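Below, read A as the first sequence line, B as the second, and so on, with proteins coming before strands; counting in each chain starts at 1. Note that this is a predicted model, so its numbers are computed, not measured.
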Amino acid sequence: MAKHYDVQAAETRWQARWIDEGTYQIENDDPRPPYYVLSMYPYPSGQAHQGHVRNYTFGDVLVRFRTMQGFGVLSPFGFDSFGLPAENAAIKGGDHPLAYTEARIAELKASVLRLGAVYDWRREIRSHDPEYIRFNQIIFTHLFKNDLAYRKGGIVNWCPGCQTVLANEQVESDGTCERSHDLVERRSLEQWFLRITNYADELLDALDDLDWPDRVKTMQRNWIGRSEGARITFPVEGAKDLSIEVYTTRPDTSFGATYLVLAPEHPLVDRVTTSLQQGEVERLRALAAQQSDIERQSTEGALEKRGAFTGSYAINPFTKSPIPIYIADYVLASYGTGAIMAVPSEDDRDFAFATIYDLPIIRTVAPPEEFAGGAYAGDGLHINSGFLDGLRIAEAKSRAIDWLESEGFGERSVQYRLRDWLISRQRYWGCPIPVVYCDRDGIVAVPEEQLPILLPQDVEFLPTGESPLKHHPDFLHTTCPTCGGPARRETDTMDTFVDSSWYFLRFTDPFNTVVPVNFDAARHFMPVDQYIGGITHAIMHLLYSRFFTRALGDIGLSPSEIREPFSQLFCQGMIRLGGKAMSKSRGNVISPNDYFKSVGADALRLFHLFVGPPIDDIDWGDQTNEIIDGCSRYLRRVWRLAVDPESTDDAVVSDAKDPAAETALLLRNVHQTIAKVTDDLARYGFNTAVAECMALTNAITRAARTGVDRSTIDEAIDVLLRLLAPMVPHIAAEAFEERHGRHIHKEPWPVADLALAKDDQVVMVIQVNGKVRDRIEVDATIDESEATQLALSREIIAAALEGATPSRIIARPPKLINFVL
RNA sequence: GCCCGGGUGGCGGAAUGGCAGACGCGGCGGACUCAAAAUCCGCUACUUGAAAGGGUGUGCGGGUUCGAGUCCCGCCCCGGGCACCA
């Protein structure tokens, strides 16, 4: 009597067993070669969605595959459990963020367990755990002491929807908040920053050697935005002690600098503005201050209203001529020196501005004959440029800088688009910044032994837009750790990206209660061999993590030789429903739970692996359920083949051929499949790995019908089950146990015997003038002349040649022969 | 505007410069069944042809090559990222 496969029972039984037996627990002194597979830890949003399923399935396949290959695989899981949704829910009258978050974690964890993804759960991290908070705060105080964390006032991004400031990385290019999509405002506030800019060059240069997708590397390069040029000092005419420094990437065009432009917020604006121009300058400053970034960066609108003359002049050090000083909103205070020299002949914006304000335009690079007019940014010979005349751009640049340096008017300078990372948030549900403000001692970091500073539980969540911590006297009022006098506690919490910037290091030894990172464990497992997650984190999380890994190393909290956290990164495609990315905030989520109940986790996993290349986006559409049913059907077929062979024996015989040849064919198939699947899994070719397994299944079915002996078929089935084990772990385990009483996930990965995999008969294609005219089966060792003779002996070929003698014969035995007339 | 991807049957997708369409979905036909479901077997790019066979075909136009989905040049379309950064 055939054994029925009860999907629910089998899947939950194996899931319990992997945990109970600690199959995927790993010790830090494990003697096997280490291998670290990590899926980006999720924000706990409740039930898993298909994006999670996809991510964790890919990771799980690698964990199980590498384990079977003999690696000591570290596969941890955790939750990025601080964040706004929990607090917003509380404000809307829901549970306390803590209760809310833990309930959502429980839901998500249940889905992950039910998917059959395996982790060393002893290592689970939750960002809101007091222990994790403590280490986060210890790291912060070390960053503070090493001057990598600092407090600074200035213009910052304020999201009215989230009621907090944001890092530059969290503002989209259209000036909206990356979370809430509210228009971000500019406010002048004092905030906490981390000095990521100290690492700008290293973060940029190290990208070259990283095995990451090019688009992610490009995005990081653009974000860091290194540019090389010069700072040039322009003395202000008639004011001995006053000069304006500009940054330019084109010092070679300095002879064409016909005016200067300061950002409206530039500190010298007041000093260079004459009383006559006061009104005009004030009008523009007021306008710029109230404008959002989006308006200010718009290229639309009349430039007439966007600039103002200050009334003063500066001396161009190259020409010694006085040039007017303007202010304009298109010059950003935060980049370079907040002031530019305008060269209208070689810069589009300057050209447009100069045209409207009727400022002189002097060409310093000769444009080509056919040039239509306007600003010319291309290469050419310099003109009107004194000692630079006749030079091309590159040479002129370096000569100009040499001159500036020798004359004392400026120097070579490198600028970055990257700004320091603003990490303070005016919200409750995050890691408190462990600092107090004392009237006597100023800003004081809380000593390590007094950490963690935990969030008070007894707070009220009101829709006032202010952090409840500000109104919690017991939290707010404290004593200064230095002088013991009264002090005020910092009420801002950290950006949750801080939590996720080092959790992968913590995973290597989360049991350690003394230090954030255990050096030995980090050296053993780091860097992460395979990091898997969405492209949405291409800049923020991945850049911050690269920065943290370096910074922690440099301040002695982690081994300093570990510079890069993730040696290989894989960004899976999105899942779209109705043309839109599937996400909880859009409410177009398809829960995996229904599929667990109907077809089971294996079928759903198989679908995600098979449907297409993992890097591509997938559309969840009308056909999706049919494909999932097809996956389920395939698995039932494998079950019957492996556990219930009688059902296939019924159909036997009709096809009986030469059993010896068929047996050899099957064996060849088996070993070719092993080679292909092994290769595919190592390079994320999951869809083709599945296809190969299906093809092998077809071959075994046919072999059973054509009289191949039982032992060869059994051998093939056992290989098939082992190849499938990482992808569909439950049914493979159940079938293998049924057949052998052993645990398939403790079996070694099959190794291809290349001698057996070799074809001895192959199909040779015969072409005439590159067109396929015939194909014949030949010996794989056939040589050129044999192949040619054989091909010429074919009637079809003789007919195609029409008696002519080929002028050329391209022979590529045993695959192809091409007669060229 | 700049920088990445991508464009292959009815659909998802395969193809180290060498048989285009593996594998699957859907469809069609058959076997089993009283019947249905399930399962199994076969066919399934387009076109012409009764058939054998022929012709055409990987977004468009050129090129390299004995041979191009694949390499090169120029376009078109789709998706994504960046964009007063001096």
J.: Trp620(A) ring centre to Arg576(A) NZ or CZ under 6.0 Å, with the angle to the axis within 45°?
T.: no
J.: When the P atoms of C46(B) and G10(B) are compared, how many Å lie between them, rounded to an integer?
T.: 7 Å
J.: In B/S/- notation, 5' to 3', how is nucleotides 20-26 of chain B contacted by protein heavy atoms closer than 4.0 Å?
T.: --BBBBS
J.: Is the phosphate of C40(B), meaning OP1 or OP2, less than 4.0 Å from a side-chain N or O of Arg640(A)?
T.: yes
J.: Mind listing the side-chain donor-acceptor pairs of residues 681-696 of chain A below 3.5 Å, one per line with the distance, residues two or more places apart or on another chain?
T.:
from      : atom 1 : to        : atom 2 : distance (Å)
Arg683(A) : NH1    : Asp680(A) : OD1    : 2.7
Tyr684(A) : OH     : Gln530(A) : OE1    : 2.5
Thr688(A) : OG1    : Asp680(A) : OD2    : 3.0
Thr688(A) : OG1    : Gly685(A) : O      : 3.0

J.: Report yes if at least one side-chain N or O of Lys771(A) is closer than 4.0 Å to OP1 or OP2 of G18(B); otherwise report no.
T.: no
J.: Please table the atom pairs, donor to acceptor, closer than 3.5 Å between any side-chain atom in residues 811-821 of chain A and protein atoms at least two apart or in another chain.
T.:
from      : atom 1 : to        : atom 2 : distance (Å)
Asn818(A) : OD1    : Gly770(A) : N      : 3.0

J.: For a quick test of reading the model: is some side-chain N or O of Thr218(A) closer than 4.0 Å to OP1 or OP2 of G81(B)?
T.: no
J.: How far does the P atom of G24(B) sit from the matching atom of U39(B), given to the nearest Å?
T.: 14 Å
J.: Looking at every strand, decide which applies to Arg419(A) at a 4.0 Å heavy-atom threshold: base, sugar-phosphate, or nothing.
T.: base
J.: Find the distance between CH2 (Trp223(A)) and CZ (Arg419(A)) and round it off to the nearest 0.5 Å.
T.: 9.0 Å
J.: What's the CZ-P distance between Phe686(A) and A14(B), to the nearest Å?
T.: 14 Å
J.: Could you tell me whether G9(B) is syn or anti, where syn means a glycosidic angle within 90 degrees of zero?
T.: syn
J.: Which residue lies toward the 5' end of RNA chain B, Arg250(A) or Asn769(A), if each is placed at its nearest nucleotide?
T.: Asn769(A)
J.: Without decimals, in angstroms, what is the distance between Arg221(A) CZ and C4(B) P?
T.: 11 Å
J.: Write down the distance between CD1 (Ile810(A)) and P (G17(B)), rounded to a whole number of angstrom.
T.: 18 Å
J.: May I ask you to say what Asp214(A) touches in the nucleic acid, namely base, sugar-phosphate or nothing, with a heavy-atom cut-off under 4.0 Å?
T.: nothing
J.: For the base of C66(B), is there a side-chain donor-acceptor partner from Asn818(A) under 3.5 Å away?
T.: yes
J.: Across all strands, who's sitting opposite G26(B) as a Watson-Crick or G-U wobble pair, both distances under 3.5 Å?
T.: U44(B)
J.: In whole angstrom, give the distance that lies between atom CG of Asp350(A) and atom C1' of A86(B).
T.: 7 Å
J.: With P as the reference atom in both, quote the distance from U44(B) to A51(B) in angstrom, rounded to an integer.
T.: 14 Å
J.: Strictly below 4.0 Å: does Arg215(A) bring a side-chain N or O up to OP1 or OP2 of G5(B)?
T.: no
J.: Counting the atoms with a prime plus P, OP1 and OP2 as sugar-phosphate, which does Ser807(A) contact under 4.0 Å by heavy atoms, base, sugar-phosphate, or nothing?
T.: nothing
J.: Side chain of Val820(A): nearest nucleotide among C66(B), C19(B), C41(B)?
T.: C66(B)
J.: Can you work out whether Gly612(A) or Thr337(A) has the more 5'-proximal nearest nucleotide on RNA chain B?
T.: Gly612(A)
J.: Hey, does Pro213(A) reach any base, or is it just sugar-phosphate, or nothing, if we go heavy atoms under 4.0 Å?
T.: nothing
J.: Picking from G55(B), A86(B), G67(B), which would you name as closest to the side chain of Tyr247(A)?
T.: A86(B)
J.: Can you spot which of Asp774(A), Val778(A), Asp779(A) makes a side-chain contact (heavy atoms from CB on, under 4.5 Å) with Met764(A)?
T.: Val778(A)
J.: For G79(B), give the paired nucleotide (Watson-Crick: N1-N3 plus N6-O4 or O6-N4; G-U: N1-O2 and O6-N3; both under 3.5 Å), or none.
T.: C4(B)
J.: With C1' as the reference atom in both, quote the distance from A68(B) to C72(B) in angstrom, rounded to an integer.
T.: 11 Å
J.: For atom P, what is the distance between G55(B) and G59(B), given to the nearest Å?
T.: 22 Å
J.: Whole-Å distance between G13(B) P and Phe607(A) CZ?
T.: 10 Å
J.: Look at Arg636(A) and A38(B) and indicate whether a side-chain polar atom (N or O) is within less than 4.0 Å of OP1 or OP2.
T.: no
J.: Using a strict threshold of under 4.0 Å (side-chain N to carboxylate O), is an ion pair present between Asp208(A) and Arg221(A)?
T.: yes
J.: In whole Å, what separates the P atom of C19(B) from that of U58(B)?
T.: 15 Å
J.: Using whole Å, report how far CG of Leu821(A) lies from P of G67(B).
T.: 13 Å
J.: Which nucleotide, if any, forms a Watson-Crick or G-U wobble pair with G67(B), using both distances under 3.5 Å?
T.: none
J.: For C85(B), does OP1 or OP2 lie under 4.0 Å from any side-chain N or O of Arg349(A)?
T.: yes
J.: Could you tell me whether Arg812(A) contacts a base, only the sugar-phosphate backbone, or nothing, with contacts defined as non-hydrogen atoms closer than 4.0 Å?
T.: base
J.: Using the C1' atom on both, measure U65(B) against C76(B) and round to a whole Å.
T.: 26 Å
J.: Using the ring centroid of each side chain, check whether Phe353(A) and Tyr259(A) are separated by less than 6.0 Å.
T.: yes
J.: With rounding to whole Å, what would you report as the distance between G61(B) and C66(B) at their C1' atoms?
T.: 24 Å
J.: Around atom CG of Asp622(A), are there more than 12 heavy atoms from other residues, nucleotides or ligands closer than 6.0 Å?
T.: no
J.: Tell me the interatomic distance from His4(A), atom NE2, to U39(B), atom P, rounded to whole angstroms.
T.: 13 Å
J.: Rounded to the Å, how far apart are Leu635(A) CG and A38(B) P?
T.: 17 Å
J.: Of the candidate nucleotides A86(B), A83(B), G42(B), which contains the atom at the shortest distance from the side chain of Arg417(A)?
T.: A83(B)
J.: Can you tell me how far the CD1 atom of Ile361(A) sits from the CD atom of Glu346(A), to the nearest 0.5 Å?
T.: 10.5 Å
J.: For a 4.5 angstrom cut-off between non-hydrogen side-chain atoms, does Ile224(A) reach Leu543(A)?
T.: yes
